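As structure tokens, the structure follows; a few thoughts come after it.
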Amino acid sequence: MRGLSARTMSGRSLVSEPLAFVAFDRGLEQTLADLGRWDSERLRGQLFDQLLPASVPFHTYQGWKARFWPATQSDVSSEAAVVLIGDVRVDESIESLEAQRHAAWTAASLPAQGFSQFDPRAAREFVDGDAANSEFFVFCLSGTILAEDALQRFADVFASEVDCDLVYGDVEVQGGAVWPLAFSAFDLERALEQAYGAYCFAVRRERALEALRSATSLYDIFLSCVEPDRTFHLPGSVAALPRIDASAATAELIAASEAHFARAGIEANVEPRKAGLLPAVRVKRAVDWNERTTIIIPNRNRADLLKRCIETVTPAVHETNARILVVDNGSTEPETLDYLESLSAEEIDVISVEGPFNFAAINNAAVDCVDTENICFLNNDVQALDDGWLAELLWRLAAPDVGAVGAKLLWPNSVVQHGGVVLGTNFFAAHAFNDRMDGDPGYGDLLQVAHECSAVTAACLLMRKRDFLAVGGMDAIRFPINFNDIDLCLKLRQLGKRIVFTPDAKLVHLESASRGRDSTPDRKARFNRELAMLRAKWGAVLIDDPYYSPLLGLDSAPFSALAWPPRSWKARANLPPVPTVPPIGM
């Protein structure tokens with residue numbers, strides 16, 4: 001939904017007068033291309049589509065799909081082997097295979113032992129027998145209805161992407177109507193907790209043979225084969241899923257995740273979660289509790305906020321052997337000064353950073369004073385809801401390739417304030433799921449499981465000090481107030497680090513209660529300048545966030561609508577972002 005305010009150059013309001021709108025069926029860029037004006041107007045069309053994207057509601061999915069589904073015209077010829085696990089509704093799955101545009105395929109139905117466990121000997125007999133000439137294998141549950149172009153699209157990906165070993169596609173679920181689950185590019189954290197891509201995926205023959213030596217379930221095969229830089233996501237549904245027995249599936253997912261950690265030599269506990277659309281588990285990696293954490297809390301006046309923040313986070317500090325560092329930026333209120341002075345008795349350190357408010361510079365100065373391995377940035381208007389939030393963040397950071405971890409933040413009325421950051425909304429960035437109440441599972445259960453995203457807010461962000469220094473800290477020149485956390489996370493991702501959001505660390509965030517909102521003319525101007533800088537430096541990833549499907553809308557709350565038109569149907573890997581760093585002053 002959009003609001004419109006229109007005035008003439010003289011200032012006269014046009015609210016009561018008719019206004020003409022022009023809608024472009026496939027976006028202005030493609031419309032201009034169809035008109036033969038691609039070279040001269042391409043940039044204008046691109047910018048228009050980025051700044052004014054369009055979408056339609058999820059309930060229009062069937063019509064949207066009929067309108068936009070790409071035509072599959074391919075001369076790729078390869079033989080596919082389809083492995084159906086289970087013996088329920090096998091005939092329906094076979095009928096969908098018989099309707100495939102990809103002509104060369106063979107299939108086997110392996111009896112299920114439990115939810116998706118199978119006899120590996122039967123699998124190997126199929127591999128060495130009827131599937132001896134197959135170039136890739138497709139794994140799914142019996143009762144899965146494959147899209148008629150599924151095998152051809154899988155074959156095309158393997159033919160065009162020589163680095164791809166495994167490709168998974170989006171799926172459809174039933175709920176009174178057909179609903180799409182549009183996934184992200186590969187997300188290891190979500191794969192370990194939800195195995196979201198395991199319900200219909202294809203694997204090159206050599207990789208499948210290796211996995212089938214030890215794998216005994218659908219989840220086991222998937223987690224045995226995934227490698228982040230060799231796993232591709234194919235936007236668009238490749239299959240409609242059958243009903244999933246959540247209780248039986250959860251036990252198998254636990255076993256598959258535990259096996260993944262065992263292969264990697266990582267100590268971790270895997271616990272069951274309440275299932276949503278898909279079964280899910282909770283991962284807790286072992287933490288070296290000798291590594292200490294400093295919680296950095298910037299503050300100016302508002303002793304009431306700071307005191308409440310410290311009171312609520314202190315139990316977690318004691319539980320994890322952490323410490324607190326308050327960074328005072330020019331407090332003048334006597335009550336605040338008295339409170340800051342009293343903190344030494346509680347073994348809480350206070351440093352002073354003078355000058356105008358510059359969030360990035362304040363945190364950079366604080367990190368220079370820290371001698372612990374980990375740092376946790378925390379706003380003074382955040383309040384903890386339990387004692388386990390910091391331990392949860394540390395369990396996630398224990399993975400050496402994780403660069404930063406963010407928490408689930410709520411407004412005081414229990415509406416989600418932060419569920420991770422999605423890039424691209426109106427060529428901008430938005431907190432995911434702040435249209436949802438606490439307890440809502442989120443699109444695809446994303447508020448129920450830990451998952452990766454391009455960025456998390458520094459209102460509560462845990463990372464290693466050495467990683468902070470490796471990326472040069474926060475950019476106090478280009479992003480003094482806004483987007484410094486997004487820039488920080490993208491710089492970490494540039495180094496190959498993962499950014500993880502966890503719903504199991506939950507806190508209340510009053511948001512801007514201390515410094516106020518950017519509504520005054522000077523603040524608006526500064527905000528617009530920092531937004532322009534974000535677009536200039538990270539424009540490529542704003543256009544194509546790997547953790548957000550190109551089939552989902554960018555003109556409203558993330559994960560709430562379908563893009564009109566879809567931005568891409570091309571298979572994609574999760575690659576580090578590449579910035580275009582503007583010179584200072586541009």
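For clarity, every value in this text was computed on a predicted model and none was experimentally measured.
The 12-atom threshold is not exceeded at CZ of R243, counting heavy atoms of other residues, nucleotides or ligands nearer than 6.0 Å.
Counting only N and O atoms by type, the side chains of E193 and H451 include no donor and acceptor under 3.5 Å apart. Side-chain N/O atoms of N574 and R493 include a donor and acceptor closer than 3.5 Å.
Counting heavy atoms from C-beta on, the side chains of Y61 and S237 come closer than 4.5 Å. Contact annotation: the side chain of Q448 never approaches that of R273 to less than 4.5 Å [non-hydrogen atoms, C-beta and beyond]. Counting only heavy atoms from C-beta outward, the side chains of F158 and V76 never approach each other to under 4.5 Å. Looking only at side-chain heavy atoms (C-beta outward), L562 and F58 come within less than 4.5 Å of each other. Put simply, the side chain of V421 does not reach to within 4.5 Å of the side chain of C453, judged on heavy atoms. No side-chain heavy atom of H260 sits less than 4.5 Å from a side-chain heavy atom of I266. A 4.5 Å side-chain heavy-atom check between L551 and W569 finds at least one atom pair inside the cut-off. Residues L166 and V203 have side chains in contact (heavy-atom distance under 4.5 Å, counting atoms from C-beta outward).
The distance from the CG atom of L223 to the CG atom of L188 is 8.5 Å, given to the nearest 0.5 Å. Here the CG-CD distance, from L146 to E92, works out to 12.5 Å after rounding to the nearest 0.5 Å. Rounding to the nearest 0.5 Å places OH of Y219 at 10.5 Å from CD1 of I85. Rounding to the nearest 0.5 Å gives a distance of 13.0 Å between OH of Y168 and SG of C200.
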Inset, instruction - List the steps and the verdict of side-chain contact (heavy atoms from CB on, under 4.5 Å) for K491 and W538. - result: CA-CA 10 Å; K491 289 189 294 186; W538 297 107; 4.0 Å; yes

Inset, instruction - Given ring pair (Phe, Tyr, Trp, His ring centres under 6.0 Å), test F186 with H233 step by step and report yes or no. - result: CA-CA 6 Å; F186 184 63; H233 164 241; over 10 Å; no

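Paired with E161 under the rule salt bridge (charged side-chain N to carboxylate O under 4.0 Å, His left out), one option of K570, R204, R230 passes, and it is K570. Of the residues listed (F154, Y196, F222, F183), the one engaging F201 in a ring-ring contact (aromatic ring centres under 6.0 Å, His included) is F222, and it is the only one. For the side chain to side chain contact (heavy atoms under 4.5 Å, CB included) with R89, the lone residue among I145, L141, T144, L84 that qualifies is I145.
Here salt bridge (Lys or Arg N to Asp or Glu O under 4.0 Å) pairs that include residues 141-155, with residues two or more places apart or in two chains, are R101-E148.
Residue D435 comes nearest to S560 through the heavy atom pair OD2-CB, 4.3 Å, listed as atom of the first residue, atom of the second, then distance.
Between the side chain of R567 and the backbone N or O of L552, at least one donor-acceptor pair lies under 3.5 Å. A donor-acceptor pair under 3.5 Å is formed between the side chain of H418 and the backbone N or O of A407.
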